[in-house]
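Heads up, the thing below is written out as structure tokens.
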Amino acid sequence: MNTRKRLAAMLAAGQAPAKHVAADIASMANPACVIGPDQRCEHALVDQELNRRLYVYEQRVRGRFNAINDTLKVISSLQHERDFVARAQNLARECLGYELPQGLLDDAWVTGLDLRALQAHCVFRSFKESVDQAEQDQAPWRERMTLDAGFFQSCGFHTVDISPCADGRLQGLLPFVFRFAPNDAVYVKAYAGAMFDVESDVADWTHRELDRLSGGIPGGEEANYLKVAVYHYSTSNPCQQGCAFHASNDLHAVEHALGRLNELRDAVENTFGRGAAPAILMIGMDTDTDALRIHVPDASGVVNAHRYVDSAALYRATLGQSRDAARASIEAAVSAAEQAEGWGHGMGACQPGMRRLILALLEANLSQIEYVIQHHAGRYTVIGHDEELICAGEATTHVQLRNMYYYAHLDTVEEGAADMDVGIKIFTGLNLRHGLAVPVLVHFHYSSRVPGSRDRAIQRCRRVKSAIAARYPQLDAGGQLYCQMAVSDLHGGERLGFIEDEVDNHGH
Ligand SMILES: [Zn+2]
């Protein structure tokens with residue numbers, strides 16, 4: 001019997017795969033898809049059309065970054081030509097879609113072209129292009145996604161508040177891994193190690209409750225708030241490529257995410273009374289394959305570290321089944337988890353709405369598993385960091401793609417110093433080693449409804465920017481650190497508006 005059949009048989013019999021089978025799978029290049037040479041990995045429940053549209057989107061966004069180095073190489077080769085500036089700008093417009101800063105081109109014939117500065121500038125501009133074009137770029141897949149605000153309502157949730165780890169590999173979480181359409185009911189706030197801030201979450205919960213009670217959320221009367229924590233692990237290199245915040249200790253990552261979720265429930269219950277607590281859900285993500293472990297809550301909403309359904313195992317077990325049979329298998333796997341004995345034991349089956357959400361999420365994730373099979377041979381070639389820039393301050397959520405940027409969540413540099421140091425360490429390998437600078441986007445939100453808010457956000461950017469320069473003086477003095485400040489309106493007016501320095505652009 002081949003591995004897939006063996007697994008399917010085990011799953012059907014409700015057994016966990018034996019250790020040696022699990023090890024076999026972990027060592028495979030294409031772990032989700034174990035089939036014979038003449039078979040294809042095409043699962044009946046996968047939305048091929050959606051996968052195609054997401055791939056076009058991914059190619060478009062990555063293309064804006066991939067073109068930078070080649071374009072700059074050509075421009076560099078022209079720097080001593082008589083009509084250099086005009087030719088360079090033509091090339092930039094044609095290949096990158098924007099112009100380069102005139103000042104960096106004008107003096108090239110004397111001082112040589114500052115390619116490091118240009119490269120950093122282009123990274124920021126390409127990122128801004130991707131934010132500005134987000135509506136148009138994303139329209140084709142947005143319209144095809146079914147897990148939207150209406151669907152969450154039908155599961156009994158008026159708000160889905162998600163805190164993944166800030167690791168860049170989780171940035172494609174919503175559209176790719178979860179297949180959630182961006183909508184007003186979904187919020188994402190990433191934290192290192194998924195260690196979200198309980199006080200700030202109680203504040204978010206209170207805001208949404210106020211909205212709901214004042215009739216601001218259509219159909220929200222009977223619905224609840226759902227908090228989701230997403231930890232991550234690496235099946236092919238668990239000790240090196242797991243969650244850096246938890247030193248790649250998976251158990252640690254799980255227990256801490258669960259700890260925070262329970263603290264949030266306690267905080268709301270202790271403050272607003274019994275029964276007020278939000279529903280909670282914990283999900284693990286394999287950053288090598290984008291597969292999920294969904295921890296199935298019991299009847300009273302209690303989440304257990306040992307009670308989960310693994311979508312990679314489901315994909316393998318149901319490949320080749322009809323749509324109906326595969327759906328029945330997914331339901332059976334959730335039921336099996338609900339009836340788990342031992343460490344995973346829970347008190348009763350999970351709430352119907354929560355169950356509906358879990359089933360939909362497991363099914364949606366099969367499409368992503370197949371996406372990774374089709375475009376990345378089942379497991380990402382770069383299983384670690386490969387980000388384009390560091391985003392410090394508050395994250396912008398308009399572009400959601402794996403490894404787009406490393407995110408250092410910070411209000412002040414003192415507080416976020418550890419996150420920032422990790423970012424600089426990552427970019428020492430990614431950029432400095434190749435002679436490139438570290439591009440840091442310093443970004444904060446403001447509310448256009450609050451007088452003076454934008455100015456305060458700009459002041460915050462300036463403070464954080466100079467604190468970053470002060471923390472890494474050698475990089476800054478050596479032209480190896482470029483900071484671009486930007487602010488966005490919470491109400492959608494201004495998106496990533498670049499703020500220029502009062503003195504010059506280079507942070508000196
Ligand atoms: Zn992490």
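Both counts, for ligands and for their atoms, begin at 1 and track the order of listing. Given the structure is predicted, the values throughout are model-derived calculations rather than measurements.
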Check against salt bridge (Lys or Arg N to Asp or Glu O under 4.0 Å), Lys189 and Glu394: CA-CA 9 Å; Lys189 238 169 149 182; Glu394 293 171 344; over 6 Å; no
For Tyr380, the option from Thr289, Thr287, Asp290 that meets side-chain hydrogen bond (donor to acceptor under 3.5 Å, both in side chains): Asp290
N-O pairing of Glu387 and Arg402 below 4.0 Å: no
Using salt bridge (charged side-chain N to carboxylate O under 4.0 Å, His left out) as the criterion, list what pairs up with Glu209, not counting sequence neighbours. Arg212
Counting only protein atoms, how many N/O/S atoms are less than 2.8 Å away from the Zn ion (ligand 1)? 3
Carboxylate-amine/guanidinium contact Asp47 Arg144, below 4.0 Å: yes
Do the side chains of Arg169 and Asp386 get close enough for a salt bridge, i.e. N-O under 4.0 angstrom? no
